[in-house]
Protein chains: 2
Amino acid sequence: MSENCKLSNNERLVLDVLGRETGPMSAYMILDKLRGSGFRAPLQVYRALEKLIGMGRVHRLESLNAFIACSHMSCEKIGVAAFVICERCEHVQEVCDDSVSLFLAGLAEKTNFKASKTSIELRGVCDACEKA
Amino acid sequence: MSENCKLSNNERLVLDVLGRETGPMSAYMILDKLRGSGFRAPLQVYRALEKLIGMGRVHRLESLNAFIACSHMSCEKIGVAAFVICERCEHVQEVCDDSVSLFLAGLAEKTNFKASKTSIELRGVCDACEKA
DNA sequence: ATAGATATGTTATAACATAACAATAAACGT
DNA sequence: ACGTTTATTGTTATGTTATAACATATCTAT
């Protein structure tokens with residue numbers, strides 16, 4: 001927990017940008033937002049993202065090549081989350097409950113697998129967009 | 001089913017290459033394998049992949065930016081699969097049973113979501129590699 | 001045969017990500 | 001405080017993945 005609080009300057013800048021945005025952002029979108037703060041190269045963003053992901057403060061959406069701030073304080077303890085991504089409004093909902101962790105644990109057990117990283121993503125249309 | 005059988009020339013070539021390989025392949029690996037058959041540009045591969053994925057004959061591994069032939073006759077009816085990807089031996093196991101579809105259906109219901117595409121991927125170490 | 005649809009070819013470029021190396025700053029024991 | 005180690009940052013170049021736009025060819029039904 002104390003580890004999580006120690007953010008480097010670049011890490012804090014990247015996390016702030018992601019925190020202000022409601023939706024997912026690509027690394028290059030983040031870079032553009034941070035040019036005013038002195039960012040010049042993609043690596044500055046990718047390096048910060050890597051650390052933040054390791055801390056559970058940011059998640060990577062594999063199907064989007066994009067990143068989003070964790071909607072909880074941090075997912076580190078839980079370690080697993082599912083993302084429900086609306087393709088109309090771009091809204092992303094993070095689901096992080098027992099059903100997710102139980103499913104993943106069951107799958108790992110069934111396949112005799114030690115998972116170090118997991119990704120669950122649903123793409124489609126959310127309720128609000130469906131009704132609209 | 002009859003639709004699935006009608007593969008264009010390029011689609012058949014791409015599926016053949018994927019079928020011969022045990023593991024996942026990137027689009028550019030496929031391209032290189034098919035240069036001898038006249039392929040020259042990435043689009044030839046990507047277009048074929050898009051169709052094959054639509055038919056359920058090929059799956060895209062989002063966390064790898066790679067593609068793999070469906071290990072069943074076709075996943076079209078089922079529509080959902082989970083992939084267990086060993087980072088040591090590159091082996092990919094496709095899991096496609098009720099637990100997967102039930103989990104996804106439950107998640108969609110809980111979030112009032114109409115999913116059109118799903119992705120479940122576990123990265124880690126398989127049993128064989130763990131023991132080795 | 002021919003019109004409409006589908007598939008293919010080609011060039012260029014966009015979008016995403018990392019390697020390699022140099023420089024700087026922060027942390028720490030003595 | 002001092003130098004040493006460690007982590008962070010900066011920079012250039014390049015590698016990898018994916019698509020836009022447009023031209024051409026092939027297939028299919030009438």
Side-chain angles (χ1 to χ4, degrees), chain A residues 2-18 21 23-55 57-68 85 87 90 117 119 121 123, chain B residues 2-18 21 23-55 57-68 85 87 90 117 119 121 123:
Chain A
S2 58
E3 291 300 305
N4 287 4
C5 299
K6 291 187 187 179
L7 295 184
S8 79
N9 198 41
N10 286 0
E11 286 156 20
R12 192 176 36 69
L13 287 166
V14 167
L15 187 57
D16 282 354
V17 165
L18 278 173
E21 203 76 13
M25 297 180 81
S26 76
Y28 282 75
M29 282 186 226
I30 297 169
L31 175 57
D32 284 340
K33 290 270 185 196
L34 287 175
R35 291 208 187 269
S37 310
F39 273 47
R40 293 166 165 279
L43 256 193
Q44 296 175 281
V45 177
Y46 282 109
R47 286 202 275 229
L49 285 171
E50 185 178 274
K51 293 286 181 61
L52 291 166
I53 290 169
M55 297 172 192
R57 305 266 249 144
V58 167
H59 298 291
R60 178 187 167 89
L61 299 173
E62 299 286 357
S63 70
L64 245 37
N65 293 328
F67 305 86
I68 193 164
I85 304 164
E87 290 178 325
E90 308 273 292
K117 225 180 101 187
S119 158
E121 298 176 23
R123 306 280 296 271
Chain B
S2 57
E3 290 301 305
N4 287 3
C5 301
K6 290 188 189 178
L7 296 183
S8 80
N9 199 40
N10 287 0
E11 286 155 20
R12 191 175 38 68
L13 288 166
V14 167
L15 186 58
D16 283 353
V17 165
L18 278 172
E21 203 76 14
M25 298 179 81
S26 77
Y28 282 76
M29 281 187 228
I30 297 169
L31 175 57
D32 284 340
K33 290 269 185 197
L34 288 174
R35 290 206 189 272
S37 310
F39 274 47
R40 294 165 165 278
L43 255 192
Q44 296 174 281
V45 176
Y46 282 109
R47 285 201 277 230
L49 285 171
E50 187 180 307
K51 293 287 179 58
L52 291 166
I53 290 168
M55 296 171 190
R57 305 267 249 146
V58 167
H59 299 291
R60 180 189 166 87
L61 300 173
E62 299 286 357
S63 70
L64 246 38
N65 293 327
F67 305 87
I68 194 166
I85 304 164
E87 290 177 326
E90 309 273 291
K117 223 178 101 185
S119 158
E121 296 176 24
R123 306 281 295 270

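In what follows, chains are A, B, ... by sequence order, proteins preceding strands, each numbered from 1.
For the pair B:Tyr28 and A:Phe67, nearest-nucleotide mapping onto DNA chain C gives the more 5' position to B:Tyr28.
B:Leu31 has its CG atom 15 Å from the C1' atom of D:dT19, to the nearest Å. C:dA15 atom P lies 10 Å from atom CE of A:Met29, rounded to whole Å. Regarding A:Ile30, its CD1 atom lies at a distance of 11 Å from the P atom of C:dC16, rounded to whole Å. Counting to the nearest Å, the P atom of D:dT11 and the CZ atom of A:Phe39 are 12 Å from each other. When the C1' atom of C:dA15 is taken as reference, atom CE of A:Met25 falls 15 Å away, rounded to whole Å. D:dT8 atom P lies 22 Å from atom CZ of A:Arg40, rounded to whole Å. Taking atom CG of residue A:Asn9 and atom C1' of nucleotide C:dA25, one finds them 11 Å apart after rounding to whole Å. If you take OH of B:Tyr46 and C1' of D:dT19, they are 9 Å apart, rounded to a whole angstrom.
Listed by first then second residue, pairs satisfying side-chain hydrogen bond (donor to acceptor under 3.5 Å, both in side chains) with a partner in residues 30-39 of chain A read A:Asp32-A:Arg35, not counting sequence neighbours.
In terms of heavy atoms, B:Ile85 sits closest to B:Glu121 at CD1-OE1, 4.0 Å.
One finds no side-chain N or O of B:Asn65 lying less than 4.0 angstrom from the OP1 or OP2 phosphate oxygen of C:dA17. When the side-chain nitrogen and oxygen atoms of B:Arg60 are compared with OP1 and OP2 of D:dA18, one or more of them lie within a distance under 4.0 Å. At the phosphate of D:dT9, neither OP1 nor OP2 sits under 4.0 Å from any side-chain N or O atom of A:Arg12. Considering only side-chain N and O atoms, A:Lys6 lies nowhere under 4.0 angstrom from the phosphate OP1 or OP2 of C:dA27. Not one side-chain nitrogen or oxygen of A:Ser8 sits closer than 4.0 Å to the OP1 or OP2 atom of D:dT8. For the pair B:Gln44 and C:dG9, the criterion of a side-chain N or O lying under 4.0 Å from OP1 or OP2 is met.
No side-chain donor from either of B:Ser119 and B:Glu62 sits under 3.5 Å from a side-chain acceptor of the other.
You'll find that the side chain of A:Pro42 is closest to C:dT18, out of C:dG9, D:dT19, C:dT18. Looking at the side chain of A:Arg47, the nearest of the listed nucleotides D:dG10, C:dT8, D:dT19 is D:dG10.
No donor-acceptor distance shorter than 3.5 angstrom exists from the side chain of A:Gln44 to the backbone of A:Asn10, with no hydrogens or angles considered.
Taking CG of A:Leu52 as the start and CZ of A:Arg60 as the end, the distance is 14.0 Å to the nearest 0.5 Å.
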